[in-house]
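For reference, the structure is listed below as structure tokens.
Read the numbers this way: they start at 1 and go in the same order the structure lists the ligands and their atoms.
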Amino acid sequence: MDNQKVIYWFRNDLRLHDQEMLKSLSGQGYSIIPFYCFDDRFFSETDIGFPRTGAFRLKFLLESLHILTRQLEDLGTGLIIRKGNTAEELLKIHHQTGAKEIYAAREFAWEEKMIEQEIQKTTQLNLILHEANGLFKESALPFDVDSLPDIFTQFRKKVEKHLNSINRIDSVNALQPLPANLDTGKDISFEDFGLAEPDEDARAAISFTGGEDAGLKRMNDYIWESGNILTYKKTRNGLLGKDYSTKFSAWLANGSLSPKKVIAEVNRFEEEHKSNVSTYWVKFELLWREYFRWVARKYGARIFFRDGIKNERNNLRQDFTDFERWRLGNTGNDFVDANMQELLQTGYMSNRGRQNVASFLVKDLSVDWRWGAAWFESQLIDYDVYSNWGNWMYVAGVGNDPRENRYFNTRKQAERYDADGKYRKVWLKR
Ligand SMILES: Cc1cc2nc3c(=O)[nH]c(=O)nc-3n(C[C@H](O)[C@H](O)[C@H](O)COP(=O)(O)OP(=O)(O)OC[C@H]3O[C@@H](n4cnc5c(N)ncnc54)[C@H](O)[C@@H]3O)c2cc1C
């Protein structure tokens, strides 16, 4: 008798490690059809004139899928890749294979949830969601999500101790072959999105290459090989080079690296080698990532509202001229411009830079923060819906910042973090 066929819909979990559900399905003998869809709504044009997914992130995503495909082929199966409307494409696979159940990682953001609902309503297929991309499952949180503290520190204090129990992370190492005659799809490339492959800028902080291999390698280098993790707390506000911070963000964003895997590895390093305030601080920052996921779960679409989750009215303007000056790094403020140039030319910017340019757009230029968030969404290789909109709300004063009227004085920040002007020199050199 044929094994029962099910679809595994890959979303932001483009990896084989930390895939509890996939592993369990394969252990139960299901015939799994691995599936990915470039959903058109994430590749459309924004109202302000740039693509929602820009060329840098697209490149990283294509590389990540290429690696995942190869890994699945090595296991004797493959990846069905489609472009279009996810629900419609899943329905076609159902018609071709008879698979009635779809397994996928649950997301909390509004559009991602809309897609889930569309699948459930329009296809009548059974969508079974599990939690794969955070550190904690909702059922393991020591509070009800509706009571998630609005202040990060309170959240951290409640959950931090549970990080210690994140240890061994397994990988999927066996899957049944794909059903015969199932077309895996044509090669999808830049042209399909009307974008050109971006050139690599020699000044880039790091060369981000998509895929689980490269993500695990970066993790291994940063933690074990170089031991840079031991000085993270001191260097993390840096602006130049690959080692002032982990650079894990891009792999974490599309799930080619799982946050649990990183925590498990840091725990192991602490146990077997050394533990200090810097090793702790990497975990601390990953809790920020986790926090913004739960903020989105609690507040839903409000993370995209002008007045944010605080429902705080503001008089921000939709001034296109000022926005374009900011977006293209032509504001006349050299620290802001250098950071915006880095983002424009490479798809990455340091955390220090992000805080400064976001504050400048909102507090100095009084431009709608959502436009800034939209530009980051387009341009950042490591764009993550929760971290991006959560941080933007925070800087704009409509999110989780308990302090009123926080303001980054970009001149003072430049003096402090780029005292010799080296960073500005790199990026303002034309
Ligand atoms: C306006 C603004 C927008 C941002 N947009 C994004 C985004 O789209 N995607 C994204 O991953 N991060 C975003 N961040 C958070 C942070 O800037 C990046 O995670 C970080 O710079 C990525 O580099 P790294 O991996 O070397 O970070 P590290 O300093 O090495 O931190 C380790 C990891 O901790 C997490 N982390 C660190 N700081 C934060 C933070 N403030 N919020 C949430 N998680 C954090 C990330 O997963 C990061 O990879 C944003 C910050 C700001 C101020």
What does the N/O contact table under 3.5 Å look like for ligand 1?
from	atom 1	to	atom 2	distance (Å)
ligand 1	5 (N)	Asn388	OD1	3.2
ligand 1	8 (O)	Asp384	N	3.1
ligand 1	9 (N)	Asp382	O	2.8
ligand 1	17 (O)	Asn351	OD1	2.7
ligand 1	21 (O)	Asn351	N	3.4
ligand 1	23 (O)	Tyr348	OH	2.8
ligand 1	25 (O)	Thr246	OG1	3.4
ligand 1	25 (O)	Lys247	N	3.4
ligand 1	25 (O)	Phe248	N	3.2
ligand 1	25 (O)	Ser249	N	3.1
ligand 1	25 (O)	Ser249	OG	3.3
ligand 1	26 (O)	Ser245	OG	2.6
ligand 1	26 (O)	Thr246	N	3.4
ligand 1	26 (O)	Lys247	N	2.6
ligand 1	26 (O)	Tyr348	OH	3.4
ligand 1	29 (O)	Tyr232	OH	2.5
ligand 1	30 (O)	Thr246	N	2.8
ligand 1	30 (O)	Thr246	OG1	2.6
ligand 1	31 (O)	Tyr232	OH	3.3
ligand 1	38 (N)	Glu285	OE1	3.1
ligand 1	41 (N)	Asn391	OD1	3.2
ligand 1	42 (N)	Asn391	ND2	3.0
ligand 1	44 (N)	Arg289	N	3.4
ligand 1	49 (O)	Ser249	N	3.2

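- One side chain, Glu160 or Tyr280, offers a donor N or O that lies under 3.5 Å from an acceptor on the other.
- Applying the 6.0 Å contact sphere to CG of Asp47 captures no more than 12 heavy atoms from other residues, nucleotides or ligands.
- Here Phe35 and Phe10 keep their ring centres 6.0 angstrom or further from each other.
- Side-chain contact, Gln345 with Arg203: no donor N or O sits under 3.5 Å from an acceptor N or O.
- For the residue pair Lys247 and Ser249, no side-chain donor N or O sits within less than 3.5 Å of a side-chain acceptor on the partner.
- For the residue pair Tyr222 and Glu265, no side-chain donor N or O sits within less than 3.5 Å of a side-chain acceptor on the partner.
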